[in-house]
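Report on the following structure.
Just so we're on the same page: letters track the sequence lines, and every chain starts at 1.
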2 protein chains.
Amino acid sequence: MTTETSGTAPVAPLPDVLDALSDPVRLEMVRRLAAEGGPVACSRLYDGIGKSTASHHFKTLREAGIIERSSRDGQTFQRLRVDEVEEALPGVLTAIVAAARR
Amino acid sequence: MTTETSGTAPVAPLPDVLDALSDPVRLEMVRRLAAEGGPVACSRLYDGIGKSTASHHFKTLREAGIIERSSRDGQTFQRLRVDEVEEALPGVLTAIVAAARR
DNA sequence: GGACAAGTTCGATGAACATCGAACTTATTC
DNA sequence: GAATAAGTTCGATGTTCATCGAACTTGTCC
């Protein structure tokens with residue numbers, strides 16, 4: 001078995017979700033994840049910041065229940081938890097991602 | 001003429017709007033404004049914080065282009081700029097307010 | 001095993017911000 | 001005009017947080 005998914009956190013309350021998405025770096029990460037539609041390698045989700053900073057932002061998004069981490073063949077992937085967030089906060093993620101596209 | 005409306009600011013970029021809405025105090029203000037559907041007196045939009053703090057939050061929301069201030073008969077009112085925000089960021093405010101209702 | 005690559009964790013640092021109280025402004029009321 | 005009420009502005013304070021570099025972990029490749 002080469003795929004491992006970490007334990008998932010519940011989707012956080014609305015203010016925490018909005019706070020997680022209000023940072024431009026994290027919003028861009030989420031935008032790219034939504035555009036891809038599936039798990040994406042970490043390094044393809046950011047530019048212009050250090051690895052440690054990116055890792056911090058992943059953690060913030062994960063603790064808000066917005067993304068999920070998985071490992072495969074030694075690489076780390078992030079996946080947008082579209083269904084879970086939509087169920088907890090209907091329309092919110094969809095509208096924000098759509099607005100972020102332009 | 002007893003009604004005076006201040007100059008309006010354009011709706012801010014998405015990250016700034018989300019940041020403005022990510023604070024629980026401000027989110028509650030916006031939720032109450034949306035529930036009323038029209039201008040509401042300042043003092044009816046918050047509880048448990050001082051006047052100066054509330055004024056600070058109004059300023060933040062105003063600078064994000066989310067609300068608008070008006071005066072009438074010596075009282076100050078705040079109004080949610082639903083149409084303007086919807087045009088700039090379709091669906092965002094609507095979904096957030098709906099999610100905040102529960 | 002040694003070298004390398006990819007992420008995470010840890011401290012430190014500097015900036016942003018939520019909150020308060022006090023002073024000021026403006027309008028109403030007696 | 002004095003007093004009151006409603007908001008705003010101004011400093012000050014303490015906390016949170018985005019960022020970095022360095023050290024550590026894990027897995028791959030020669």
Among [options], the nucleotide that comes nearest once only the side chain of [X] is considered:
X: A/Q78; options: D/dT19, C/dT8, C/dA18; result: C/dT8
X: B/R62; options: D/dT19, D/dT8, C/dC17; result: D/dT8
X: A/D23; options: D/dT8, C/dG7, D/dA18; result: D/dA18

ask   = 5'-most contact on DNA chain D: B/H56 or A/H56, nearest heavy atom basis?
value =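 Nearer the 5' end of the strand: B/H56.
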key: Helical bend (five base pairs per end, nearest 10°) for the helix from C/dG1-D/dC30 to C/dC30-D/dG1   =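 It works out to 20° between the end axes.
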[X] side chain vs [Y] backbone, donor-acceptor pair below 3.5 Å:
X: B/S55; Y: B/S52; answer: no
X: A/R81; Y: A/A9; answer: yes
X: B/R31; Y: B/A100; answer: no
X: B/D23; Y: B/V25; answer: yes

Take the protein atom [atom1] of [X] and the nucleotide atom [atom2] of [N], then report the distance between them rounded to whole Å.
X: B/E63; N: D/dT9; atom1: CD; atom2: P; answer: 10 Å
X: A/L27; N: D/dA18; atom1: CG; atom2: P; answer: 13 Å
X: A/L21; N: D/dC17; atom1: CG; atom2: P; answer: 15 Å
X: B/K59; N: C/dC17; atom1: NZ; atom2: P; answer: 12 Å
X: A/Q75; N: C/dA5; atom1: CD; atom2: P; answer: 14 Å
X: A/L61; N: C/dG7; atom1: CG; atom2: P; answer: 16 Å
X: B/D16; N: C/dC17; atom1: CG; atom2: P; answer: 9 Å

Under a 4.5 Å cut-off applied to non-hydrogen side-chain atoms, are [X] and [Y] in contact?
X: B/L89; Y: B/V17; answer: yes
X: A/T76; Y: A/Q78; answer: yes
X: A/F77; Y: A/R72; answer: yes
X: B/L80; Y: B/L93; answer: yes

ask   = Does B/R32 have any side chain to side chain donor-acceptor pair (under 3.5 Å) partners at least two apart in sequence or in another chain, and if so, which?
value =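 Scan of B/R32 (side chain to side chain donor-acceptor pair (under 3.5 Å), adjacent residues dropped) gives B/E28, B/D47.
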ask   = For A/T94, which residues count as a side chain to side chain donor-acceptor pair (under 3.5 Å) partner, sequence neighbours excluded?
value =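 A/E86.
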ask   = C/dT8 phosphate, OP1 or OP2: any side-chain N/O from A/R69 under 4.0 angstrom?
value =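 The answer is yes; a side-chain N or O of A/R69 sits under 4.0 Å from OP1 or OP2.
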task = Specify the closest pair of heavy atoms between A/F58 and A/I67, including all atoms of both residues, with the distance to one decimal.
result =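 In terms of heavy atoms, the two residues are closest at O-CD1, 3.7 Å.
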task = Under 4.0 Å from any atom of DNA chain D, heavy atoms only: list the residues of residues 31-49 of chain B that qualify, in numerical order.
result =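 By residue number: B/C42, B/S43.
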task = Mind checking salt bridge (charged side-chain N to carboxylate O under 4.0 Å, His left out) for B/R79 and listing every partner two or more places apart, or none if nothing turns up?
result =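 Checked B/R79 against salt bridge (charged side-chain N to carboxylate O under 4.0 Å, His left out); matches are B/E68, B/E84.
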What pairs of nitrogen or oxygen atoms, one from the protein and one from nucleotides 21-30 of chain C, lie under 3.5 Å apart?
{"residue": "C/dG21", "atom": "N7", "partner": "B/S52", "partner atom": "OG", "Å": "3.4"}
{"residue": "C/dG21", "atom": "O6", "partner": "B/S52", "partner atom": "OG", "Å": "3.0"}

